[in-house]
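Below: one structure, written as structure tokens.
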Amino acid sequence: MSHRLTVVGIGPGRADWCTPEVTAILAAATDLVGYAPYLATVPESCRARRHASDNRVEAERAELALDLASGGGDVVVVSSGDPGVFAMASAVLERLDEHPDRWRDVGVSVSPGITAAQALASRVGAPLGHDFCVISLSDVLKPWSVIERRLDAAASADFVIALYNPRSRHRPHQFADAITIVGRHRDPLTPVVVGRHVGRDEEVVTVTDIAHIDFDAIDMSTIIIIGSSTTCVLDRPTACRVYTPRTYVDPRTARG
Ligand code: SAH
């Protein structure tokens, strides 16, 4: 009997953005564990038992999955996007770290997916073409002061910045505060790409700039890419027109 736990990423929401490897792992699963809306996207043809949970109970979900695998089976934990980016792969490894002697019989592995930042970037061109970082604005698992420090450091180092978990009902003002911090280091006309439900039927993608972000259009189904000083928008009538050049010219030393 197998004692296997695989953490998979099903991509940002479109069936054909889920890798063939993940599709095969789902088809062979005995149990699926995950946040209910993600499990709902797994095809009915997958006959595994489904253990749907609320989004805020990552630790219990990871323990449940490890216990199920320990009892025998091919257990699959389903994350959206990539399972290693603000998702369940870390939650599972944290449980193993906390309990070194429990679940020794379970073979754990991770299968990658397309993360939301990559999906949005592809919609508009290549804004992640040079150094970039990803920052989650959720303060559920880390203090807001750490988020502020990281935003300031990333912006001052001129990274392109992708913001995940940008704005929830519990903290409606923090997204605007984050933009204020980044704006201290960037021209107000720096390109910003906003993607809501990227890859899903309801997808809306907008190219704007730091000074013109529509804060009311940002929610937890949105990802934002803020350009660096070198990110530009081509004057072309197609969607594919935002890019960050491969060659970096430091704006502080560049001569006009
Ligand atoms: N593991 C996921 C990220 C989980 S954090 C990944 O790799 O993509 C959840 C956040 O991801 C959301 O609040 C949102 O900022 C972003 N996100 C995930 N899917 C998205 C999509 N289809 N469109 C826009 N943003 C998305």
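Order of appearance sets the numbers: ligands from 1, and atoms from 1 within every ligand. If you're wondering where the values come from, they're calculated on a predicted model, not measured in any experiment.
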Item to check | Non-hydrogen atoms of I10 and C18 that approach each other most closely | outcome: O-CB, 3.6 Å
Give every donor-acceptor pair under 3.5 Å between a side-chain atom in residues 220-227 and any protein atom, sequence neighbours left out.
unit_1 : atom_1 : unit_2 : atom_2 : d
T222   : OG1    : D219   : N      : 3.1
T222   : OG1    : D219   : O      : 3.2
T222   : OG1    : D219   : OD1    : 2.8

Next on the checklist: Within the 4.5 Å heavy-atom criterion, are V192 and I210 side-chain neighbours or not?
Outcome noted: yes
Item to check | Aromatic centroids of Y164 and F86 separated by under 6.0 Å | outcome: yes
Checklist entry - Is it the case that more than 12 heavy atoms not belonging to R14 sit under 6.0 Å from its CZ atom? => result yes
Item to check | Those protein residues which place at least one heavy atom below 4.0 Å from ligand 1 | outcome: P12, S80, G81, D82, V85, F86, A87, T115, A116, Y164, N165, P166, G195, H197, V198, R200, M220, S221, T222, I223
Item to check | Main-chain N/O of P100 paired with R104 side-chain donor or acceptor, under 3.5 Å | outcome: yes
